[in-house]
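Notes to accompany the following structure.
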Amino acid sequence: MANKTTAKSVSQDVSYMDLINKFGLFAGFIVLLIIMSFSSPFFLTETNLINILRQVTVVGVIAVGMTFAIISAGIDLSVGAILAFSGIAMAGMQSEGAFIAIVIALLAGIICGFANGIAVSVGKVQPFIVTLASMTIIRGLTLILSDGQPISITNSTLLGIGKSYIGPIPTLVVIFAIVIFLGWILLSKMKFGRHTFAIGSSETASKLAGIKIDKLKILIYTLSGGLAALAGILLTSRLSSASPIAGVGYELDAIAAVAIGGAKLTGGTGTMIGTLLGVLIVGVISNGLVLLDVNAYVQQVVKGIIIFAAVLIASRKK
């Protein structure tokens, strides 16, 4: 009888933990929304909610690529620099037409990501070191190409990307939703995603299973670079200007969003839905602190504490 009671208790504990794992982050997000709505009468207005979605778009697109990098037991610190580099590339080519400018910007990010992937896979250098070095190199090249000055966007088509709407929803938000959906498909429903989880859990076992680890890592960092370039296009269009210092700190926000979403920095775990919730949580915190008129310096401290607490709770929960 005692054994049956103990087994039943253990079963209930497992059931509760399953519920927490599945819905804990979402419940935390809802609680955050409730707290913010009581803290400021302006928070739950349609204008502010749309503004939050528009603001998280850029970091959100970066975070999709970062999710794959972190699940594979890697990291990409160069995404902020790639964002700025691609923005400058697009602005510099806008006289050739919107299509050419966008293609050049995307190619710039893809090439940077591909180079990162080659260094990580073929060069066998730690992703942290590779992307830290490339971050510095790419940022320097961006400053050289732009002479350290921002470049205004005058092409109406390029401006329309960041300022137009599809119905009541900003085009930027629609693009972000598409990227998240495609990222979810790639991670959850395709071999690429399964193999990403595999190498993050154990490279040795993955190699024995016949997974082409080097090729997969190259693809992962190329994807991350391409999405960082897309984020650069979106930000440049929204601000009507490409700045060589754009994207500073964006890599940290993206990493924080992925970590809050439940991914371990040691690899092997993570979900695209978790990343989406992480991005939204970071965005809501930032927006709420602004509405509460919290000092900008204090905002950084508060946001850092909240992010640390969220990641700590998620880690202990696992």
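The chain is numbered in sequence order, starting from 1.
Other cluster members for Met93: Phe99, Ile100, Val103, Ile104, Leu107, joined by side-chain heavy-atom distances under 4.5 Å among Ile, Leu, Val, Met, Phe, Trp and Tyr.
Thr136 places a side-chain N or O within 3.5 Å of a backbone atom of Leu132 that can act as its donor or acceptor partner.
By the ring-ring contact (aromatic ring centres under 6.0 Å, His included) test, Phe128 pairs with no residue at all, sequence neighbours left out. Judged as a side-chain contact (heavy atoms from CB on, under 4.5 Å), and not counting sequence neighbours, the contacts of Ile180 are Val64, Phe176, Met272, Leu276. In this view, Leu44 and Ser37, Leu49 satisfy the side-chain contact (heavy atoms from CB on, under 4.5 Å) rule, not counting sequence neighbours. For the side-chain contact (heavy atoms from CB on, under 4.5 Å) test, residues two or more places apart in sequence or in another chain that qualify with Gln126 are Ile129. Under the salt bridge (Lys or Arg N to Asp or Glu O under 4.0 Å) criterion, Lys189 pairs with no residue, sequence neighbours left out. Residues meeting the side-chain contact (heavy atoms from CB on, under 4.5 Å) test with Ile111, sequence neighbours left out: none. Under the salt bridge (Lys or Arg N to Asp or Glu O under 4.0 Å) criterion, Glu96 pairs with no residue, sequence neighbours left out.
Within the structure, ring pair (Phe, Tyr, Trp, His ring centres under 6.0 Å) pairs that include any residue of residues 185-216 comprise Phe68-Phe192 (at least two apart or interchain). Applying the side-chain hydrogen bond (donor to acceptor under 3.5 Å, both in side chains) definition to pairs two or more places apart or across chains, those involving residues 73-93 are Asp76-Ser78, Asp76-Ser224, Ser78-Asn116. Applying the side-chain hydrogen bond (donor to acceptor under 3.5 Å, both in side chains) test to residues at least two apart or on different chains, the pairs with a partner in residues 225-254 are Lys163-Ser240.
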Side-chain donor-acceptor contacts of residues 140-149 below 3.5 Å, not counting sequence neighbours, with atom names and distances?
unit_1 : atom_1 : unit_2 : atom_2 : d
Thr142 : OG1    : Ile138 : O      : 2.7
Ser146 : OG     : Thr142 : O      : 2.8
Ser146 : OG     : Gly148 : N      : 3.3

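Counting heavy-atom neighbours within 6.0 Å of Ile245 CD1, excluding the residue itself, gives a total of 12 or less.
The residues Asp214 and Lys207 are annotated as not salt-bridged, no charged nitrogen and carboxylate oxygen being separated by less than 4.0 angstrom.
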